[in-house]
Amino acid sequence: MENINLNNITTERLSVPPFHEKELRVFILRLDKVHPIISGNKWFKLKYHLEEALSLKKKTLVTFGGAWSNHIHATAAACKINKLEAIGIIRGEKAGTLSTTLTQAKDLGMKLIFQDREEYRKKRVPEDMSTGDYYLVNEGGYGEKGASGAATILQYCQEQDFSHICCAVGTGTMTAGLINSSETSTRIVGISVMKNNMALSAEVKKLLIDPAKEFDIIHDYHFGGYAKKTTELIAFMNEFYTHTGIPTDFVYTGKLCFAISDLARKNYFPPGSKILLIHSGGLQGNQSLGKGTLIF
Ligand SMILES: *Cc1c(COP(=O)(O)O)cnc(C)c1O
């Protein structure tokens with residue numbers, strides 16, 4: 001497997017029409033370049049968990065996720081690199097054929113345990129494991145350690161003095177890390193990829209060093225809900241790739257880039273704003289799309 005390479009991260013200027021017209025300087029931080037398939041932000045979110053698991057001399061790391069989870073995929077890879085055994089507790093009954101994500105996680109050495117949705121909701125390890133000596137990571141890597149890892153993301157950005165930093169939001173862990181590590185003059189704008197997940201702001205606040213620091217979570221760009229898509233979104237992603245050469249994923253970064261272009265058109269950002277988009281990776285999820293859906 002190819003190694004993680006943080007030196008591959010670049011900060012690129014995006015010169016696509018709405019940004020030009022609205023006098024916005026927009027950059028994108030390419031965490032997707034950390035690895036061809038491991039989601040950039042998941043790597044950051046796992047960093048301190050791995051350190052902790054190793055320092056506690058744990059042999060096994062357990063976490064939770066769905067069949068197309070970037071977190072499961074990245075955890076499997078991260079454990080392999082760090083020589084930890086990985087166990088993934090997977091939402092839903094085992095399907096006849098495994099998703100590409102789960103097949104790859106398994107090939108990376110992760111042991112998969114399937115739980116029906118009701119059981120999964122309790123986020124419990126199976127009873128026969130409950131006395132085991134393992135290190136547990138929350139679903140999606142939510143929590144303080146994940147946020148601390150995400151707080152190191154901006155160290156890899158070659159530009160500074162942003163008026164806005166924008167990212168896709170799942171659990172809110174990355175958003176919290178960005179808020180904790182950015183200048184007070186920078187506004188963090190999170191695009192929720194879930195439908196009406198109004199608990200998000202509170203989830204982010206729980207992880208803030210300064211809970212008074214303001215941020216925005218925008219709920220208008222979910223395209224039907226988590227991992228849902230429309231032809232408009234897919235067309236946008238193809239067009240964005242044609243203009244910029246940058247691939248996005250349909251669960252997170254495609255929605256982020258669509259949202260920021262749309263918000264720019266609607267004058268959400270004052271002229272002269274300097275905006276950073278976080279390309280958080282996640283490209284492995286596109287493997288669930290039919291061949292030919294995307295041009296990249
Ligand atoms: C998981 C993920 C996110 C969301 O991160 P959270 O910390 O859960 O909010 C964003 N982008 C990609 C590509 C992801 O895989």
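All values below come from the heavy atoms of this structure, side chains included, with hydrogens, waters and symmetry mates left out. For ligands, and for the atoms within them, numbers begin at 1 and follow the listed sequence. Quick caveat, the model's predicted, so the values are computed rather than measured.
Between the choices G40, G177, G170, G285, the shortest heavy-atom distance to atom 9 (O) of ligand 1 belongs to G170.
Between F223 and F258, a ring centre-to-centre spacing shorter than 6.0 Å is recorded. Here the two rings, on F240 and F296, have centers that are 6.0 Å apart or farther.
Using a 4.0 Å cut-off to heavy atoms of T171, the atoms of ligand 1 that qualify are 6 (P), 7 (O), 8 (O), 9 (O). Short contacts between ligand 1 and G282, defined as distances under 4.0 Å to a heavy atom of the residue, involve ligand atoms 13 (C). The atoms of ligand 1 that sit less than 4.0 Å from any heavy atom of K45 are 5 (O), 6 (P), 7 (O), 8 (O). Shown in contact with V169 at under 4.0 Å from a heavy atom are these atoms of ligand 1, numbered in order with element: 9 (O). Heavy-atom proximity to K42, at under 4.0 Å, picks out these atoms of ligand 1: 1 (C), 2 (C), 3 (C), 14 (C), 15 (O).
More than 12 heavy atoms of other shown residues, nucleotides or ligands fall within 6.0 angstrom of atom NZ in K123.
When hydrogens are left out, the protein atom nearest atom 5 (O) of ligand 1 is N41 ND2, 3.1 Å; that is the closest non-hydrogen contact. Shortest contact from atom 10 (C) of ligand 1 to any protein heavy atom: Y252 CD2, 3.3 Å. Residue, atom and distance of the protein heavy atom nearest to atom 11 (N) of ligand 1 are S280 OG, 2.6 Å.
Expressed to the nearest 0.5 Å, how far CE of M174 lies from CG of L207 amounts to 13.0 Å. The OG atom of S163 sits 11.5 Å away from the CZ atom of R187 when rounded to the nearest 0.5 Å.
The closest approach between a heavy atom of T175 and any atom of ligand 1 is not below 4.0 Å. In this structure, H71 has no heavy atom closer than 4.0 Å to ligand 1.
Judged by the 6.0 Å distance and 45° axis criteria, K229 is not positioned over the aromatic ring of F236. Within the cation-pi definition used here (under 6.0 Å to the ring centroid, within 45° of the axis), K59 does not qualify as a partner of Y134. Under a cutoff of 6.0 Å and an axis angle of 45°, K274 and F162 form a cation-pi pair.
The N/O atoms of G140, backbone and side chain alike, include none that comes under 3.5 Å of an N/O atom in ligand 1.
Under 4.0 Å from ligand 1, not a single heavy atom of V251 appears.
L29 and L276 make their closest contact through N-CD1, 3.9 Å (heavy atoms, listed as atom of the first residue, atom of the second, distance).
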